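Down below is the structure, laid out as structure tokens.
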Amino acid sequence: MMPTPLLSALLLLAAAGACIAEDVIPPTPFLSCPTPKDPIEVRVKGCTGAVCKVPKGQIAGMEVDFEVDQDVARLDAVVTAYALGAVLEFPLKQKNACKSLTNAECPLDKYEVVTYKLELPVESTYPSISLVVDIGLRDKNQRYMMCYRLNLAVVDPE
């Protein structure tokens with residue numbers, strides 16, 4: 001039996017949908033920072049639970065959707081880690097968050113909804129520990145436009 005054009009089209013759409021679905025990262029639960037400017041949604045690659053396992057020697061990739069509450073010319077990324085009683089600012093290769101927006105460019109307009117993509121390298125020399133990480137974006141006046149908190153566990157690769 002020869003497939004009908006309609007059946008062929010449906011099969012093609014289903015195959016395309018399956019390919020697209022592989023690239024979609026499901027939402028990740030997050031906590032509010034002390035400076036509450038919660039994002040709309042956070043997606044950490046490979047994490048849908050309350051604690052995200054980040055393997056050593058790999059990149060922890062995440063995307064976050066948020067809305068700015070004022071006009072913004074510049075955004076700087078700040079990542080702060082809390083572990084073993086210490087507070088450390090994580091060194092970022094790209095602090096200018098405007099360069100990591102996936103669906104917009106700075107300057108941003110008030111109420112604009114944008115997506116920020118962050119890739120954090122997890123060095124193979126890091127100890128296997130649990131930590132809390134605040135990830136935020138600040139404007140030129142150091143005012144948070146968005147901030148969220150994640151529970152992470154640095155683990156050996158499988």
Side-chain angles (χ1 to χ4, degrees), residues 19-158:
C19 290
I20 292 169
E22 288 181 21
D23 293 336
V24 174
I25 303 172
T28 302
F30 64 90
L31 303 168
S32 295
C33 290
T35 306
K37 287 286 188 172
D38 287 349
I40 297 166
E41 184 175 88
V42 173
R43 295 174 300 281
V44 179
K45 188 173 182 180
C47 180
T48 56
V51 177
C52 296
K53 294 180 181 177
V54 291
K56 297 177 191 177
Q58 296 183 21
I59 303 240
M62 56 194 76
E63 296 175 347
V64 57
D65 303 328
F66 66 99
E67 179 182 72
V68 293
D69 61 1
Q70 65 183 30
D71 292 344
V72 176
R74 179 182 170 94
L75 284 173
D76 290 319
V78 180
V79 177
T80 307
Y82 304 88
L84 306 172
V87 179
L88 303 168
E89 188 169 320
F90 191 89
L92 297 173
K93 290 182 182 178
Q94 183 57 264
K95 287 190 74 93
N96 182 351
C98 290
K99 293 185 177 183
S100 299
L101 299 176
T102 63
N103 62 343
E105 293 179 0
C106 290
L108 302 173
D109 296 324
K110 184 176 183 176
Y111 303 125
E112 190 169 351
V113 175
V114 295
T115 301
Y116 170 67
K117 183 176 183 177
L118 177 63
E119 293 184 335
L120 293 174
V122 182
E123 302 296 335
S124 57
T125 56
Y126 287 176
S128 296
I129 60 169
S130 294
L131 64 154
V132 174
V133 177
D134 288 350
I135 299 166
L137 301 180
R138 297 189 299 205
D139 68 6
K140 65 181 180 179
N141 298 317
Q142 304 299 308
R143 184 170 177 261
Y144 278 96
M145 295 292 105
M146 179 278 301
C147 188
Y148 63 97
R149 179 171 278 185
L150 291 174
N151 291 309
L152 301 180
V154 177
V155 297
D156 290 321
E158 295 179 0

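Being a predicted model, the structure only gives us computed values, none of them experimental.
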Going through the checks in order, is the side-chain contact (heavy atoms from CB on, under 4.5 Å) test met by L137 and Y116?
CA-CA 9 Å; L137 301 180; Y116 170 67; 3.9 Å; yes
[X] versus [Y]: any side-chain heavy-atom pair under 4.5 Å?
{"X": "L120", "Y": "I59", "value": "no"}
{"X": "L118", "Y": "I135", "value": "yes"}
{"X": "Y148", "Y": "S32", "value": "no"}
{"X": "C106", "Y": "L101", "value": "yes"}
{"X": "R43", "Y": "V64", "value": "no"}
{"X": "V114", "Y": "N103", "value": "yes"}

Checking side-chain contact (heavy atoms from CB on, under 4.5 Å) for the pair D38/F30: CA distance, chi angles, key distance, verdict?
CA-CA 9 Å; D38 287 349; F30 64 90; 4.0 Å; yes
Do you know which two heavy atoms are closest between [X] and [Y], and how far apart they sit?
{"X": "L75", "Y": "C98", "value": "N-SG, 3.5 Å"}
{"X": "P157", "Y": "K56", "value": "CG-O, 3.8 Å"}
{"X": "D71", "Y": "K110", "value": "OD1-N, 2.8 Å"}
{"X": "L108", "Y": "A104", "value": "CD2-CB, 4.0 Å"}
{"X": "A50", "Y": "P29", "value": "N-CG, 4.2 Å"}
{"X": "D139", "Y": "N141", "value": "OD1-N, 2.9 Å"}

If the threshold is 4.0 Å, N to carboxylate O, is there a salt bridge linking [X] and [Y]?
{"X": "D76", "Y": "K140", "value": "no"}
{"X": "K117", "Y": "E63", "value": "no"}
{"X": "K95", "Y": "E89", "value": "yes"}
{"X": "D69", "Y": "R143", "value": "yes"}

How many angstroms lie between [atom1] in [X] and [atom2] in [Y], if you round to the nearest 0.5 Å?
{"X": "Y82", "Y": "L88", "atom1": "OH", "atom2": "CG", "result": "10.5 Å"}
{"X": "T35", "Y": "M146", "atom1": "OG1", "atom2": "CE", "result": "12.5 Å"}
{"X": "L152", "Y": "C52", "atom1": "CG", "atom2": "SG", "result": "6.0 Å"}
{"X": "N151", "Y": "R149", "atom1": "CG", "atom2": "CZ", "result": "8.5 Å"}
{"X": "F66", "Y": "E41", "atom1": "CZ", "atom2": "CD", "result": "14.0 Å"}
{"X": "E119", "Y": "K45", "atom1": "CD", "atom2": "NZ", "result": "8.5 Å"}

Looking at T28 and T48, would you say the former's side chain and the latter's main chain have a donor-acceptor pair under 3.5 Å?
no
Between Q94 and N96, is there a donor-acceptor pair closer than 3.5 Å when you use the side chain of the first and the backbone of the second?
yes
Using side-chain hydrogen bond (donor to acceptor under 3.5 Å, both in side chains), reason through D134 and T80 one step at a time and then give a plain yes or no.
CA-CA 5 Å; D134 288 350; T80 307; 5.8 Å; no
Other residues, nucleotides and ligands only: do more than 12 of their heavy atoms fall within 6.0 Å of CD on E105?
no
Would you sort out whether V68 and E112 count as a side-chain contact (heavy atoms from CB on, under 4.5 Å), showing the intermediate values?
CA-CA 6 Å; V68 293; E112 190 169 351; 4.2 Å; yes
